[in-house]
Amino acid sequence: MKKIYISADVEGLNGITSFKQTLPEYRDDYAQMRPQLHLELNALIKGLKLANIEEIVINDAHNTMTNITLSELPDDIKLISGKPKKVSMMYGLDETFDGVIFFGYHAKATSNGVLAHTFNINFKSVWLNDEKISEAQLNGIYAKTLNIPIVLASGDNIFCDEIKKDIGNIKTIQTKTAITNTAAICEKNEDLLNLYVETAKNIDNFEKVYCKTSDNYELKVEFENFETAKIVAGKAELKQDNNFVVFESKDYTEIYTTLQKISASTPMKKL
């Protein structure tokens, strides 16, 4: 492999157990997250360079998508920053890449993972073709439409187990062990950063795993109540079915961009 794409989230980072640590409006809490983000990213990059990866592109894929500071990365790293971006967490991925890494990811909504949710913390859950789905699956399906495999993923133990069950035998790096949705046993940082390096330098030996695609997709976003679903369906100009907003398409990119539209139409609750 010569060219790697990294979709970088933050909830799966070591030491991160509160949504306030992931949102810039909570300045003091958010300030705790960003140094850890760069430590783990740079350890991953170091390992990839030891594997002789020639080009690394990182897409800042969390919230405002301005979490990563370019000057904190090696000079030869390409960073995709800011929003909106047409396919959000997967923007910039094309057929020239050899593999995708899901970095700092979290488990799906309603699971026991740390800060578990799917795409928007105000969604109760997201379903695709009657299967409750994770961000990793949503993003992995998009990668498969370009025939690009997932080669590595990092996050808590629930996420690591979940992605193997839902997608396949992906090589994972466990960053922490979930106790509850907002508590974890954190790894020793020195050990974790060494694990990133030692794992990533062997990336050429990992199994290349592809998500399954379909000829037709039904997207359903579930909300806590009928009224919220009604508000969102009206704003997004989509169909409502009880507590769900529903959309169907044969085009997966249209499914993905419609999910972004639903997210943008969703009232945000204060933490």
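Heavy-atom basis, side chains included; hydrogens, waters and symmetry copies ignored.
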Exercise for review: Under the side-chain contact (heavy atoms from CB on, under 4.5 Å) rule, what do L219 and I262 come out as? Steps first, then yes or no, please.
Suggested key: CA-CA 11 Å; L219 173 72; I262 294 170; 4.1 Å; yes
Exercise for review: Kindly indicate, with the supporting measurements, whether the criterion salt bridge (charged side-chain N to carboxylate O under 4.0 Å, His left out) is fulfilled by D76 and K49.
Suggested key: CA-CA 11 Å; D76 59 348; K49 290 191 170 188; 2.7 Å; yes
Exercise for review: Take D98 and K208 through the salt bridge (charged side-chain N to carboxylate O under 4.0 Å, His left out) test and state the conclusion after the steps.
Suggested key: CA-CA 9 Å; D98 298 303; K208 296 179 179 180; over 6 Å; no
Practice item. Begin with the C-alpha distance, continue with both residues' side-chain angles, and end with the deciding distance and a verdict on side-chain hydrogen bond (donor to acceptor under 3.5 Å, both in side chains) for N216 and S214. Key: CA-CA 5 Å; N216 190 61; S214 176; over 6 Å; no
Practice item. Please assess V10 against I16 for the test side-chain contact (heavy atoms from CB on, under 4.5 Å), listing each intermediate value before the final yes or no. Key: CA-CA 8 Å; V10 306; I16 303 306; 5.7 Å; no
Practice item. Test N14 against N189 for side-chain hydrogen bond (donor to acceptor under 3.5 Å, both in side chains), laying out the working first. Key: CA-CA 8 Å; N14 195 25; N189 233 14; 3.2 Å; yes
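Contact of the S7 side chain with the Y105 side chain is registered, since non-hydrogen atoms from C-beta on lie closer than 4.5 Å. Put simply, the side chain of L115 does not reach to within 4.5 Å of the side chain of T17, judged on heavy atoms. Here the side chains of T172 and T199 are not in contact, with every heavy-atom distance at 4.5 Å or above. When side chains are defined from C-beta on, I231 counts as touching K235, because their heavy atoms get closer than 4.5 Å. When side chains are defined from C-beta on, K86 does not count as touching Q260, because their heavy atoms never get closer than 4.5 Å. Proximity of L93 to V87: side-chain heavy atoms (C-beta onward) are nowhere separated by under 4.5 Å. Counting heavy atoms from C-beta on, the side chains of M1 and I53 come closer than 4.5 Å.
Judged by distance alone, the side chains of Y5 and N59 do bring a donor and an acceptor atom under 3.5 Å apart. Between the side chains of T66 and T64, at least one donor-acceptor pair of N or O atoms lies under 3.5 Å. Side-chain atoms of N205 and K171 form no donor-acceptor pair, as typed in the model, at a separation below 3.5 Å. D251 and S249 form no side-chain donor-acceptor contact under 3.5 Å, judged by distance and modelled atom types alone. Y210 and N147 are not linked by any side-chain donor-acceptor pair at a separation below 3.5 angstrom, with hydrogens and angles left out of the test. Counted by atom type alone, S125 and E222 present one or more donor-acceptor pairs between their side chains at under 3.5 Å. Side-chain atoms of E131 and Q137 include a donor-acceptor pair closer than 3.5 Å. A donor-acceptor contact under 3.5 angstrom links the side chains of Q36 and E40, judged on distance only. Judged by distance alone, the side chains of E224 and N122 never bring a donor and an acceptor atom under 3.5 Å apart.
The number of heavy-atom neighbours closer than 6.0 Å to NZ of K46, taken from other residues, nucleotides and ligands shown, is 12 or below. The 12-atom threshold is not exceeded at CG of N112, counting heavy atoms of other residues, nucleotides or ligands nearer than 6.0 Å.
For the pair Q240 (side chain) and N242 (backbone), a donor-acceptor distance under 3.5 Å is present. Put simply, the side chain of S81 gets close to the backbone of M65: a donor and an acceptor are under 3.5 Å apart. A donor-acceptor pair is defined here as one N or O able to donate and one able to accept, closer than 3.5 Å; such a pair exists between the side chain of N181 and the backbone of G113. Of the possible donor and acceptor atoms, none in the side chain of D166 sits under 3.5 Å from a partner among the backbone N and O of I133. Between the side chain of D9 and the backbone N or O of H106 there is no donor-acceptor pair closer than 3.5 Å. Using modelled atom types, one side-chain atom of D156 and one backbone atom of F159 make a donor-acceptor pair closer than 3.5 Å. A donor-acceptor distance shorter than 3.5 angstrom exists from the side chain of T258 to the backbone of E254, with no hydrogens or angles considered. Judged by distance alone, with hydrogens and angles left aside, the side-chain atoms of N202 form a donor-acceptor pair with the main-chain N or O of E198 at under 3.5 Å. Panel note: side chain R34, backbone I68; no donor-acceptor pair is recorded below 3.5 Å. Under a 3.5 Å cut-off, the side chain of T180 and the backbone N or O of A183 do form a donor-acceptor pair.
By the criterion of side-chain heavy atoms lying less than 4.5 angstrom apart, applied directly or through intervening Ile, Leu, Val, Met, Phe, Trp or Tyr residues, I158 is not grouped with L13; the two fall into different hydrophobic clusters. In the hydrophobic cluster analysis, where Ile, Leu, Val, Met, Phe, Trp and Tyr join through side-chain heavy atoms closer than 4.5 angstrom, L70 is grouped together with L44. Both I170 and M90 are part of a single hydrophobic cluster, where members link through side-chain heavy atoms under 4.5 Å apart. Linking ILVMFWY side-chain heavy atoms closer than 4.5 Å, directly or via other members, places I121 and Y26 in a single hydrophobic cluster. Taking hydrophobic clusters as Ile, Leu, Val, Met, Phe, Trp and Tyr residues chained together by side-chain heavy-atom distances below 4.5 Å, L23 shares a cluster with V114.
A cation-pi arrangement is found for K3 relative to F97, the charged atom lying closer than 6.0 Å to the ring centre and inside a 45° cone about the ring normal.
If you take CD on E187 and CG on N194, they are separated by 12.0 Å, rounding to the nearest 0.5 Å.
Aromatic ring pairs are classed by plane angle as parallel below 30°, tilted from 30° to 60° and perpendicular above 60°; the pair Y252 and Y256 is perpendicular. A tilted orientation is assigned to the rings of F103 and Y196, their planes being inclined by 30° to 60°.
Between K220 and D130 there is a salt bridge, since a side-chain N of the basic residue sits under 4.0 Å from a carboxylate O of the acidic one.
Contact between P267 and T228 at its shortest, heavy atoms only, is CD-CG2, 4.4 Å. Of all the heavy atoms in K108 and A116, the pair that sits closest is O-CB, 3.3 Å. Across I80 and G92, no two heavy atoms sit closer than the pair CD1-CA, 4.0 Å. The two residues A136 and I163 come nearest to each other via the heavy atoms CB-CD1, 3.9 Å. Shown here for T175 and S154, the closest heavy-atom pair between the two residues is CG2-CB, 4.3 Å. Summarising the geometry of G140 relative to F102, their closest heavy-atom pair is N-CZ, 3.7 Å, with the distance given to 0.1 Å.
The aromatic ring centroids of F223 and F244 lie 6.0 Å or more from each other.
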